[in-house]
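Here's the structure we're looking at; comments come further down.
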There are 2 protein chains.
Amino acid sequence: MRTPARLSPEDLLCAHGLRPTRQRRALAALLFTGAGRHIDAQTLHAEATRADEKLSLATVYNALRAFEQAGLIHRVAVPGERVWFDTGTGAHGHFYIETENRVLDMPKGAPIRPPAGYRVTRIETVVHLERAADDD
Amino acid sequence: MRTPARLSPEDLLCAHGLRPTRQRRALAALLFTGAGRHIDAQTLHAEATRADEKLSLATVYNALRAFEQAGLIHRVAVPGERVWFDTGTGAHGHFYIETENRVLDMPKGAPIRPPAGYRVTRIETVVHLERAADDD
DNA sequence: ATAGCTGCAAATGCTTTGCAAGGCC
DNA sequence: GGCCTTGCAAAGCATTTGCAGCTAT
């Protein structure tokens with residue numbers, strides 16, 4: 001129960017100590033619409049603009065950083081020039097299609113089965129570590 | 001037999017269709033010294049410079065790209081501002097210590113066991129896909 | 001000799017930041 | 001009212017690229 005998509009964007013923000021400004025509510029509404037999403041700052045900004053929300057790109061970056069620090073989203077580790085964010089906290093597996101610069105969710109627990117028309121070129125696992133407190 | 005660390009840097013380059021220039025030989029010597037390494041362009045440039053090799057940063061970038069295209073190295077999928085390259089083609093598992101911006105090799109096949117003093121915060125799997133030829 | 005590499009510096013593209021004005025509690 | 005957030009534009013940083021000169025074959 002980390003990203004309760006059932007909460008309103010406002011409650012979601014409040015629950016994570018984030019001030020529910022208009023811009024953040026709009027972004028949250030775009031990001032947490034049910035299933036997990038993968039998106040980068042610029043695309044999100046374009047989406048928000050298309051949804052008649054006036055906000056600057058810098059604000060999107062700021063909001064994404066705030067969301068990340070709050071644990072609502074996290075960066076996806078795909079090699080590339082842009083940073084991808086993932087709104088799903090449950091499924092940590094991703095398909096990455098380099099030639100199309102696309103990221104797809106991978107059903108968790110299921111055996112790896114690429115979408116039709118694609119084949120696996122490489123599987124990469126990254127285990128994120130943190131210093132344990134008792135070894136300082 | 002993809003990155004035969006036994007070959008001389010020159011032979012290694014030739015075997016992959018790369019012209020063995022002085023700069024590339026120097027970089028190859030730094031990169032393929034036995035075990036797999038993880039490094040980014042800037043650090044590699046610093047190392048080369050420290051080893052009395054005069055080469056420009058742009059050349060390091062160009063060489064890394066050439067090496068990558070030749071299949072000698074590949075990018076590591078860590079979220080961050082820099083691109084990390086991995087010289088090991090056998091082990092695809094990595095530990096990533098965000099707070100220290102460090103990448104470690106993970107013994108392949110073995111169960112995930114973080115180094116002493118660290119604990120796992122997240123496991124991320126990225127499956128790289130490519131369009132299969134029969135779906136065009 | 002020729003095709004490919006290197007070096008320098010400028011350009012590019014994403015992301016961050018400084019500072020003034022506005023919004024939330 | 002006070003503090004956090006926004007907005008704009010400029011700065012920052014990693015990476016790429018253009019072009020002249022050099023090097024390996």
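Below, read A as the first sequence line, B as the second, and so on, with proteins coming before strands; counting in each chain starts at 1. Quick note: numbers below take in every heavy atom, side chains included, and nothing from hydrogens, waters or symmetry partners.
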TODO: State whether the side chain of A:Arg75 and the backbone N or O of A:Val83 hold a donor-acceptor pair below 3.5 Å, judged by distance alone.
DONE: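 Judged by distance alone, no pair lies under 3.5 Å.
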What is the distance from [atom1] of [X] to [atom2] of [N], rounded to the nearest Å?
X: A:Phe67; N: D:dT5; atom1: CZ; atom2: P; value: 11 Å
X: A:Leu13; N: D:dT5; atom1: CG; atom2: P; value: 11 Å
X: A:Gln69; N: D:dT5; atom1: CD; atom2: C1'; value: 14 Å
X: B:Asn101; N: D:dA14; atom1: CG; atom2: P; value: 11 Å
X: B:Leu64; N: D:dT17; atom1: CG; atom2: P; value: 15 Å

Open item on the list: Does C:dC5 have OP1 or OP2 under 4.0 Å away from a side-chain N or O of B:Arg24?
Closed with: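 Affirmative; the distance criterion is met.
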Using the side-chain contact (heavy atoms from CB on, under 4.5 Å) criterion, which residues pair with [X]? Sequence neighbours excluded.
X: A:Arg65; result: A:Asn62, A:Gln69
X: A:Arg113; result: none
X: B:Leu55; result: B:Gln23, B:Leu27, B:His45, B:Ala48, B:Val60
X: B:Arg102; result: B:Ile97, B:Glu100, B:Leu104, B:Tyr118

Check side-chain hydrogen bond (donor to acceptor under 3.5 Å, both in side chains) between [X] and all other residues, then give those that pass, not counting sequence neighbours.
X: B:Ser56; answer: B:Thr59
X: A:Glu130; answer: B:Arg119
X: A:Glu98; answer: none

- [ ] Give the B/S/- string for nucleotides 7-16 of chain C, one per nucleotide from 5' to 3', where a protein heavy atom under 4.0 Å of the base yields B, of only the sugar-phosphate yields S, and otherwise -.
- [x] BBB----SBB
Open item on the list: Show me the pairs that pass salt bridge (charged side-chain N to carboxylate O under 4.0 Å, His left out) and involve residues 31-52 of chain A, at least two apart or across chains.
Closed with: A:Arg37-A:Glu47, A:Asp40-A:Arg82
Task: Residues that B:Tyr96 engages under ring-ring contact (aromatic ring centres under 6.0 Å, His included), provided they are two or more places apart - done: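 Listed in chain order: A:His128.
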Open item on the list: Angle between the two end axes of the helix from C:dA1-D:dT25 to C:dC25-D:dG1, five base pairs per end, rounded to 10 degrees?
Closed with: 40°
Task: Contact residues, residues 43-51 of chain B to DNA chain D [heavy atom, < 4.0 Å] - done: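 The stretch gives none, as no residue of it lies under 4.0 Å from the strand.
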Task: Check: B:His94 and B:Asp105 side chains under 4.5 Å, non-hydrogen atoms - done: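 A side-chain contact exists here, since the closest heavy-atom pair is under 4.5 Å.
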Open item on the list: For A:Arg19 and B:Arg19, find the nucleotide of DNA chain D closest to each by heavy atoms; which residue's nucleotide sits nearer the 5' end?
Closed with: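 Checking each residue's closest nucleotide, the 5'-ward one belongs to A:Arg19.
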